[in-house]
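Below you'll find the structure, written out as structure tokens, and then a few comments.
Numbering of ligands and ligand atoms starts at 1, following listing order. Below, each value reflects all heavy atoms present in this structure, side chains not excepted, and no hydrogens, waters or symmetry copies.
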Amino acid sequence: MTERIGIIGAMEEEVTTLIAALEDRAEQTIGRVVYHTGKLGGKDVVVAKCGVGKVNAALTAAEMIRTFFATVLINTGVAGALEGSLSPEDAVIATDLVQHDYDTSPLGDEPGFVSGPETVRFPTDPAVTQAAVDAARALGMRVLQGTVASGDQFISSQAQKERIKRLFGAYACEMEGAAIAHACYLFGVKCAVIRTISDRADGEAQIDFPTFATHAAALNAEIVKRVVASL
Ligand code: ADE
């Protein structure tokens with residue numbers, strides 16, 4: 001059994017440079033996801049494109065943990081900015097994650113409260129998170145650490161954005177991180193969510209996202225490479 005670092009991105013541009021950098025590369029397809037194993041910076045890793053959204057992310061996370069013996073999962077990708085000072089190509093490294101679209105509040109629960117694990121917030125690993133902050137700073141990026149909110153929605157209006165900020169105090173929004181952190185929490189595996197801003201999650205987001213996503217994703221992959229090498 002080879003223990004590995006698992007790296008998950010939702011889209012091709014979020015994982016392509018990492019897969020290209022693998023040494024001793026092999027691949028295995030399970031369901032519709034291709035798991036690429038090999039060495040990155042001398043470490044055993046498994047890299048996969050999970051597809052967009054929380055279900056895709058959670059299934060891939062579970063597979064990496066159960067089938068590929070991942071002991072750390074790193075989620076790489078882009079995010080929409082919620083915190084006002086963030087601009088495209090800044091980094092947000094998650095301290096904890098919430099599911100902004102998980103809502104049983106009519107039954108008396110707090111918004112985002114997930115039954116089963118009985119929590120709103122899923123934590124990341126402090127040491128891996130710090131390694132990501134150091135790596136992003138070493139690349140000259142502006143970095144914020146804080147809550148990241150995930151949901152099965154592309155956020156593109158001021159009203160959606162304000163709701164997530166108000167309820168969860170989140171700095172950035174995306175569509176997979178909390179599902180991966182949730183899976184890690186259930187299996188007792190370390191987790192880091194590393195994101196680079198591609199848009200401001202407002203009325204311009206659908207224009208900014210295609211403009212900035214490819215470069216932001218490539219920058220983010222550079223952070224991940226450095227984190228892996230440091231572990
Ligand atoms: N990922 C990148 N930008 C996003 C946005 N505005 N909403 C959800 N996920 C995103």
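- Of the protein's non-hydrogen atoms, the one nearest atom 9 (N) of ligand 1 is Glu174 CA, 3.4 Å.
- For the pair Glu222 (side chain) and Leu219 (backbone), a donor-acceptor distance under 3.5 Å is absent.
- In the vicinity of Ser198, heavy-atom distances shorter than 4.0 Å reach the ligand 1 atoms 2 (C), 3 (N).
- Heavy atoms from both the backbone and the side chain of Ile155 come within less than 4.0 Å of ligand 1.
- When heavy-atom distances to ligand 1 are checked against a 4.0 Å cut-off, Cys173 comes that close through both its backbone and its side chain.
- At a 4.0 Å heavy-atom cut-off, ligand 1 touches Ala79 through the backbone alone.
- At the top of the distance list for atom 8 (C) of ligand 1, counting protein heavy atoms only, stands Gln153 O, 3.5 Å.
- Close contacts between ligand 1 and Ala201 involve ligand atoms 6 (N) [criterion: under 4.0 Å to a heavy atom].
- Ring-centre distance between Phe68 and Tyr35: below the 6.0 Å cut-off.
- Taking distance alone, with nitrogen or oxygen atoms compared against 3.5 Å, Phe209 stays at or beyond that limit from ligand 1.
- Partner of Glu176 under the salt bridge (charged side-chain N to carboxylate O under 4.0 Å, His left out) criterion, out of Lys49, Lys54, Arg195: Arg195 alone.
- Below 4.0 Å from some heavy atom of Asp199 lie the following atoms of ligand 1, by number and element: 2 (C), 3 (N), 4 (C), 5 (C), 6 (N).
- In this pair, Phe122 and Tyr185 present their aromatic rings perpendicular. The plane angle is above 60°, beyond the 30 to 60° band.
- One finds the OG atom of Ser230 at 10.5 Å from the CD atom of Gln130 (value rounded to the nearest 0.5 Å).
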Please assess Val45 against Val228 for the test side chain to side chain contact (heavy atoms under 4.5 Å, CB included), listing each intermediate value before the final yes or no.
-> CA-CA 9 Å; Val45 300; Val228 169; 4.0 Å; yes

Are Asp134 and Arg226 close enough, and set up right, to give a salt bridge (charged side-chain N to carboxylate O under 4.0 Å, His left out), and what steps lead you there?
-> CA-CA 9 Å; Asp134 295 344; Arg226 288 174 182 231; over 6 Å; no

